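Here is the structure we will look at, set down as structure tokens.
Only a predicted model underlies this, so the values are computations on that prediction, with no experimental measurement involved. Just so it is clear: chains get the letters A, B, ... in the order the sequence lines come, proteins before strands, and each one is counted from 1.
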Protein chains: 2
Amino acid sequence: MRIGELSERTGTPRRLLRYYEEQGLIVADRLPNGYRVYDGSNVDRVMQIRGLLDAGLPTRIIKQILPCLNKPRVIHFPDATPEMLATLENERDRMTDRIRCLTRNRDAVAEYLDVVREKLTAGA
Amino acid sequence: MRIGELSERTGTPRRLLRYYEEQGLIVADRLPNGYRVYDGSNVDRVMQIRGLLDAGLPTRIIKQILPCLNKPRVIHFPDATPEMLATLENERDRMTDRIRCLTRNRDAVAEYLDVVREKLTAGA
DNA sequence: TCGAACCCTCACATTGATGTGAAGGTCAAG
DNA sequence: CTTGACCTTCACATCAATGTGAGGGTTCGA
């Protein structure tokens, strides 16, 4: 598929798909005329990128964790330098922190909503 | 305490504490000379704000969910307009999405690290 | 009374993720 | 062969979060 279809299927502006490519998050083949071509796997990939961006991770970090997520677990050991492993461990922990923070606050919001709903139905 | 101490205790630049105040996320009393004064509760509050910012929520949203998080559950019903409730429900769901995404990816990173560590200790 | 260490406001700069549009090439259908 | 819907690159604009520093007031201890 070309960029327009990927854009539609992921709900992502073309502009951003080019940006993600520029940042090294996705790669695109090119047709002889220069058009970008993508295969189906890019849809999931873009969704994942958007989710992580939305969760506060910068592209720089996303680029580093994406290679860990390939389903056929192929580990490129040249990438597995000690620094890289330290970075990944650090990111893993930061993600855990984020999850904790989000969970705590989401639960509080949810509880608030429950209480309000209860009052409203009782009072009406 | 004044802004310097709050800054130290939260690891947050003064500049940002003033910014959060400007955005309506925290309030500060003022000494006669104009200096900001804070009490201990602001430490937790600032930490919470930073956590949420780090998790990708914009100040605009944080400002809306913070009132739900007061421990003595005091619900200001003037705030509880239908639009506000809809906003909160929407945010709650978005937070749930973020949690899911982060959890999935964190687990993948963790698993990757486990595999690499295993290979390294076995191979060395 | 002076200097250090605070505090204030104001304002401009930067960074990352985006929006937007110009100027132009490609291609299929009428 | 032209029109419309694609695509390209390039570049400037915006927005939120943050950095940085100027210019100036306050407080306290030597």
Find the distance [X]:[atom1] to [N]:[atom2] and express it as a whole number of Å.
| X | N | atom1 | atom2 | value |
| --- | --- | --- | --- | --- |
| A:Glu5 | D:dC7 | CD | C1' | 14 Å |
| A:Arg30 | D:dC7 | CZ | C1' | 10 Å |
| A:Glu22 | C:dG16 | CD | C1' | 12 Å |
| B:Asp54 | D:dA16 | CG | P | 19 Å |
| A:Arg15 | D:dT14 | CZ | P | 15 Å |
| B:Glu21 | D:dA17 | CD | P | 16 Å |
| A:Leu17 | C:dT20 | CG | P | 16 Å |
| B:Lys63 | D:dA16 | NZ | P | 13 Å |

Is any side-chain nitrogen or oxygen of [X] closer than 4.0 Å to OP1 or OP2 of [N]?
| X | N | value |
| --- | --- | --- |
| B:Tyr19 | D:dT18 | no |
| A:Asn33 | D:dC7 | no |
| B:Tyr20 | D:dT18 | yes |
| A:Arg36 | D:dC7 | no |
| B:Arg60 | D:dA16 | no |
| A:Thr59 | C:dA17 | yes |

Sugar-phosphate, base or nothing in reach of A:Leu53, heavy atoms under 4.0 Å: sugar-phosphate

In Å, rounded to the nearest 0.5 Å, how long is the span from [atom1] of [X] to [atom2] of [Y]?
| X | Y | atom1 | atom2 | result |
| --- | --- | --- | --- | --- |
| B:Asn105 | A:Ile65 | CG | CD1 | 5.0 Å |
| B:Thr96 | B:Glu91 | OG1 | CD | 10.5 Å |
| A:Arg2 | A:Leu17 | CZ | CG | 14.0 Å |

Nearest-nucleotide 5' precedence on DNA chain D, B:Ile62 against A:Gly34: A:Gly34

Given DNA chain D, 5'-ward residue of the pair B:Gln23 and A:Tyr38, judged by closest heavy atom: A:Tyr38

Greater than 12 external heavy atoms within 6.0 Å of A:Gln23's CD: yes

Any residue meeting salt bridge (Lys or Arg N to Asp or Glu O under 4.0 Å) with B:Arg14, in chain and number order, not counting sequence neighbours: none

Criterion salt bridge (Lys or Arg N to Asp or Glu O under 4.0 Å) on B:Arg92 and A:Glu111, from CA distance to verdict: CA-CA 10 Å; B:Arg92 178 200 56 192; A:Glu111 188 195 332; over 6 Å; no

Pairs flagged by salt bridge (charged side-chain N to carboxylate O under 4.0 Å, His left out) wherever residues 27-39 of chain B is involved - sequence neighbours left out: B:Glu21-B:Arg30, B:Glu21-B:Arg36

Taking N or O atoms only and anything under 3.5 Å, show me the protein contacts with nucleotides 2-6 of chain C, one pair per line.
| unit_1 | atom_1 | unit_2 | atom_2 | d |
| --- | --- | --- | --- | --- |
| C:dC6 | O2 | B:Tyr35 | OH | 3.4 |

